[in-house]
Amino acid sequence: MESKDESGNAAKLLAVVLQIPKGSVGTYGQIAKLAGLSRNARQVGTVLNRLPEDSDVPWHRVVNAQGKISDRGDGVFAGLQRQMLESEGIEFDDDSKLNLSVHQWRECD
DNA sequence: ACTCTGACGGAAT
DNA sequence: GATTCCGCCAGAG
């Protein structure tokens, strides 16, 4: 069985993001891996980019492997995400980076 | 069907 | 730590 997951990959990615607890963040690679798309971190960004505002997905809790917020081209976007994460208790560096060693989400938490 | 780009990651140099 | 190259795949034209 294992389902075919034809194009359900996006749904799986979103499902993983929804599992991220408040005050924690996940990396694209980590989410992709948990979703079964270990080498497909790119699609994570692609999916979140096309994510509608109607979604209940905390996309703001998703950052890249560097613990940094990805610029989509809109500098405002990154700044907004930073504030949202700070609002959840996450601290940033002067480079808009956060300490993954402390804030990265873990299933065993 | 083809090409190009893209919220990325990781290993190699 | 920075740069380079590769992999992997989904949208859009």
Side-chain angles (χ1 to χ4, degrees):
Chain A
M1 317 85 88
E2 278 74 63
S3 316
K4 303 179 237 165
D5 292 343
E6 314 170 11
S7 308
N9 42 27
K12 226 163 177 187
L13 292 169
L14 299 176
V16 177
V17 179
L18 286 164
Q19 290 172 71
I20 303 177
K22 177 180 155 190
S24 298
V25 296
T27 65
Y28 295 97
Q30 182 180 6
I31 293 164
K33 196 163 198 171
L34 291 171
L37 308 170
S38 63
R39 307 283 171 43
N40 200 14
R42 238 174 177 148
Q43 195 180 351
V44 182
T46 306
V47 171
L48 289 178
N49 182 16
R50 303 195 65 71
L51 190 64
E53 296 182 12
D54 301 68
S55 290
D56 300 313
V57 183
W59 51 269
H60 54 258
R61 289 185 191 149
V62 188
V63 293
N64 60 18
Q66 298 175 50
K68 215 171 175 182
I69 302 173
S70 309
D71 272 75
R72 195 189 62 179
D74 305 291
V76 204
F77 189 85
L80 179 63
Q81 180 164 6
R82 174 174 172 172
Q83 292 180 50
M84 296 216 283
L85 293 173
E86 287 183 304
S87 190
E88 296 199 341
I90 297 176
E91 298 176 54
F92 279 79
D93 199 309
D94 291 341
D95 294 315
S96 303
K97 294 189 304 200
L98 51 81
N99 191 337
L100 287 174
S101 305
V102 178
H103 293 296
Q104 186 166 41
W105 169 46
R106 287 191 174 189
E107 293 182 279
C108 325
D109 188 31

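Given the structure is predicted, the values throughout are model-derived calculations rather than measurements. Chain A is the first sequence line, chain B the second, and so forth, proteins listed ahead of strands; every chain is numbered from 1.
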Exercise. Does A/Q30 reach the main-chain N or O of A/W105 with its side chain, forming a donor-acceptor pair under 3.5 Å?
Worked result: yes
Problem set entry | Minimum heavy-atom distance between A/V44 and A/A32, given as atom pair plus value | CG2-CB, 3.7 Å
Exercise. Looking at A/R82, A/R61, A/K22, which one forms a salt bridge (Lys or Arg N to Asp or Glu O under 4.0 Å) with A/E88?
Worked result: A/R61
Problem set entry | Near-strand residues of residues 84-102 of chain A, defined as heavy-atom separation under 4.0 angstrom from DNA chain B | none
Problem set entry | Verdict with reasoning, A/V57 to A/L13, per side chain to side chain contact (heavy atoms under 4.5 Å, CB included) | CA-CA 10 Å; A/V57 183; A/L13 292 169; over 6 Å; no
Exercise. Which atoms form the tightest heavy-atom contact between A/T27 and A/N64, and what is the distance?
Worked result: CG2-O, 3.7 Å
For this session: Round to a whole Å and report the spacing from CZ of A/R39 to C1' of B/dA11.
Result: 11 Å
Problem set entry | Contact residues, residues 53-69 of chain A to DNA chain B [heavy atom, < 4.0 Å] | A/W59, A/N64, A/A65
For this session: Please state how far atom CG in A/L48 lies from atom P in C/dA10, giving the value in whole angstrom units.
Result: 15 Å
Exercise. Looking at DNA chain B, which of residues 14-27 of chain A put a heavy atom within less than 4.0 Å of it?
Worked result: none
Exercise. Does A/N9 have a side-chain nitrogen or oxygen under 4.0 Å from the phosphate oxygens OP1 or OP2 of C/dA10?
Worked result: yes
Problem set entry | Nearest-neighbour nucleotide for the A/Q43 side chain, B/dG6, B/dA7, C/dC9 considered | C/dC9
Exercise. Do A/I69 and A/M84 belong to the same hydrophobic cluster, where Ile, Leu, Val, Met, Phe, Trp and Tyr are linked whenever their side-chain heavy atoms lie under 4.5 Å apart, directly or via other members?
Worked result: no
Exercise. Closest to the A/R42 side chain: C/dG11, B/dC8, C/dC9?
Worked result: B/dC8
Exercise. Do A/L85 and A/V102 share a hydrophobic cluster, counting only Ile, Leu, Val, Met, Phe, Trp and Tyr and linking them when any side-chain heavy atoms are less than 4.5 Å apart?
Worked result: no
Problem set entry | Rounded distance (Å) that lies between atom C1' of C/dG11 and atom CG of A/L13 | 15 Å
Seminar exercise, completed: Heavy-atom closest pair (A/E91 atom, A/L98 atom, distance to 0.1 Å) is O-CB, 3.6 Å
Seminar exercise, completed: For A/L100 and A/G67, the nearest pair of non-hydrogen atoms, with its separation, is CD1-N, 3.3 Å
Exercise. Just to confirm, is there a sub-4.0 Å distance from OP1 or OP2 of B/dG9 to any side-chain nitrogen or oxygen of A/S38?
Worked result: no
Problem set entry | Nearest heavy atoms of A/I31 and A/I20, plus distance in Å | CD1-CD1, 4.3 Å
For this session: May I have the distance from A/N49 (atom CG) to B/dA7 (atom P), rounded to whole angstrom?
Result: 6 Å
For this session: For A/Q81 and A/V62, indicate whether the former's side chain and the latter's backbone hold a donor-acceptor pair under 3.5 Å.
Result: yes
